[in-house]
Amino acid sequence: MTDLMSKIISLCKRRGFIFQSSEIYGGFGSCYDFGPLGVEMKNNIKKAWWDEMTKNQNPPAGGIVGLDAAILMSPKVWEASGHLTAGFADELVECKECHKRFRLDELKMKKCPECGGQLTEPRKFNLMMKTHIGPVEDDAAFTYLRAETCQGIYVNFENILNTMRLKIPFGVAQIGKAFRNEITPGDFIYRTREFEQMEMQWFCHPKDAEKYFDYWQKERLNWYINLGIKKENLRIKEVPVKERPHYAKQALDLEYKFPFGWKEIEGIHNRGDWDLSNHSKYSGKDLKYEGYYPYIIETSGGADRSFLAFLCDAYQEILGGRTKTTKAVKEIEILLKLDKKIAPIKIAILPLVRNKPELVKKAKEVYQLLKPHFTCQYDELGSIGRRYRRVDEIGCPWAITIDFETLKDDTVTLRYRDTMKQERVKIKELIKIIKEKLNTQ
Ligand code: ATP
């Protein structure tokens, strides 16, 4: 674990972004719960993605509609998709000494990286999680937790095409949980066994597949950049043929430079006619469109992995603090420079001091005024400097301070997180001003 990752994990716990699952029972391996700030931030990421796909996108032709399919599906879906065969299995080796298990493709040496012991021969390990349906635990009633959300889209291809009266090309966007029995979960929320995907499947004519493959990779890269991730921390890596998923004709990984190395945050794949032709074969339903199987270009991102990338990219430490006041000289200030759209709390409302009832009353009125419009936090504990630092640490873009002048002229101080600039603003104009700021790039 890098030093920076330990600091980010500690911030997540301390400020209510992410908790270990079932912590009071000693924790449950590689499962995490998103706390009050975490759920706001994750919802913001998902909303930004959803709006991007269903509202803001202007592909050369066609549009994008949404879907929310069930997690549990007929097990036949997973036969057709290739997930039950070798296509979705990692090669696993086990240490004969300490019995730890590793993915063969992740090993840099031929002995156990933990204890140096000898390893077993590799064997295939299927990543699908099996579950029972109904009251009797027999094989007649089992299925799997979905390992990717996109299969729900493919099996609804005809439903969507017909009910929405669409023409090729068009896309279907979906956000939802997926489950994989990963052999080596780790790096905090980077690789877990339960995670959330944000996937868009673009159905097009085979002759246009390469064109759209190029189009979507550019669009997806820009989405991260527009939400504040530094360009130099993103790259696109072509996946060599032998490492491609079983369904992919072309594959790219969009990678982020995490403290633990360059790692995939989103996959962009040309799935060809793999899915629709296999579902036709297994279901007996002809899923051709005007006599051909449309090709599918997918953009498959992870809400959790991008959450971690947004956090890592925004995290800054300032030794001695930005204000350089004597008290802060030896302290490290944390500044989370999250994009305003992603930030979990948009506005902090702070009475200058808490032992003046008139100020507290006025601050609570401002809080009530803003709360229906923005995610706000009211905080009256500690010195105002300390409270500013607390809001900087959670990435809150704006703080509003209610002081003695407020009582005279109904104005407040609006403080900007990144510049620490302060300006005087009329209370009755606050909603308009913040809405404008939120909606500009
Ligand atoms: P990896 O090579 O890291 O196992 P993958 O290539 O199998 O990932 P895809 O099947 O392309 O991943 O899944 C698309 C996206 O879903 C990934 O880019 C990632 O954001 C997310 N994802 C996949 N597996 C996990 C996981 N175990 N934990 C968190 N997110 C995941």
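Remember, it's 1-based here, ligands and their atoms both numbered in the order they're listed. Quantities reported herein were computed from a predicted structural model and do not represent experimental measurements.
For ligand 1, the polar-atom distance check against Phe195 finds no nitrogen or oxygen pair separated by under 3.5 Å. Looking at ligand 1, you won't find any N or O of Glu199 less than 3.5 Å from one of its N or O atoms. Ligand 1 has no N or O atom lying under 3.5 Å from any N or O atom of Tyr247, backbone or side chain.
By heavy-atom distance, the residue among Glu264, Met198, Glu243 lying nearest atom 11 (O) of ligand 1 is Glu264. Closest heavy-atom approach to atom 21 (C) of ligand 1 within the set Gly302, Gly267, Cys150: this belongs to Gly302.
When non-hydrogen atoms are compared, ligand 1 lies under 4.0 Å from the backbone of Ile265 (N, CA, C, O) but not from its side chain. Counting heavy atoms under 4.0 Å from ligand 1, residue Arg180 touches it through the side chain alone.
Between Glu97 and Gln118, the side chains place no donor N or O within less than 3.5 Å of an acceptor N or O (distance only, hydrogens not considered). With hydrogens and angles left out, the side-chain atoms of Thr401 and Tyr388 include a donor and acceptor closer than 3.5 Å.
Protein heavy atom closest to atom 13 (O) of ligand 1, with residue, atom name and distance, is Gln197 NE2, 3.5 Å. Ranking protein heavy atoms by distance to atom 15 (C) of ligand 1, first place goes to Ser300 O, 3.4 Å. Among all protein heavy atoms, the one lying closest to atom 4 (O) of ligand 1 is Arg191 NH1, 2.7 Å.
Residues Glu266 and Tyr224 meet the side-chain proximity criterion, which asks for heavy atoms closer than 4.5 Å. Using a 4.5 Å heavy-atom cutoff, the side chains of Tyr292 and Ile168 are in contact. Using a 4.5 Å heavy-atom threshold, the side chains of Phe102 and Ile183 count as separate.
Close approach to Glu182 involves these atoms of ligand 1, each under 4.0 Å from a residue heavy atom: 24 (N), 26 (C), 27 (N). Residue Tyr190 has at least one heavy-atom neighbour below 4.0 Å for each of these atoms of ligand 1: 3 (O), 28 (N), 29 (C), 30 (N). Below 4.0 Å from some heavy atom of Glu266 lie the following atoms of ligand 1, by number and element: 18 (O). Close approach of ligand 1 to Gly301 (heavy-atom distance below 4.0 Å) involves ligand atoms 20 (O).
Minimum heavy-atom separation, Phe19 to Gly35: CE1-CA, 3.6 Å.
Between Thr2 atom OG1 and Asp187 atom CG the span is 8.5 Å, to the nearest 0.5 Å.
Between Arg101 and Glu94, at least one side-chain nitrogen of the basic residue sits less than 4.0 Å from a carboxylate oxygen of the acidic one, meeting the salt-bridge criterion.
Checked against the 6.0 Å centroid threshold, Phe34 and Phe307 count as a close aromatic pair.
Residue contact check for ligand 1: Thr192 places a non-hydrogen atom closer than 4.0 Å to it. The closest approach between His269 and ligand 1 falls below 4.0 Å for a heavy atom of the residue.
Residue Asp392 forms a side chain to side chain donor-acceptor pair (under 3.5 Å) with just one option from Arg387, Arg322, Arg417, and that option is Arg322.
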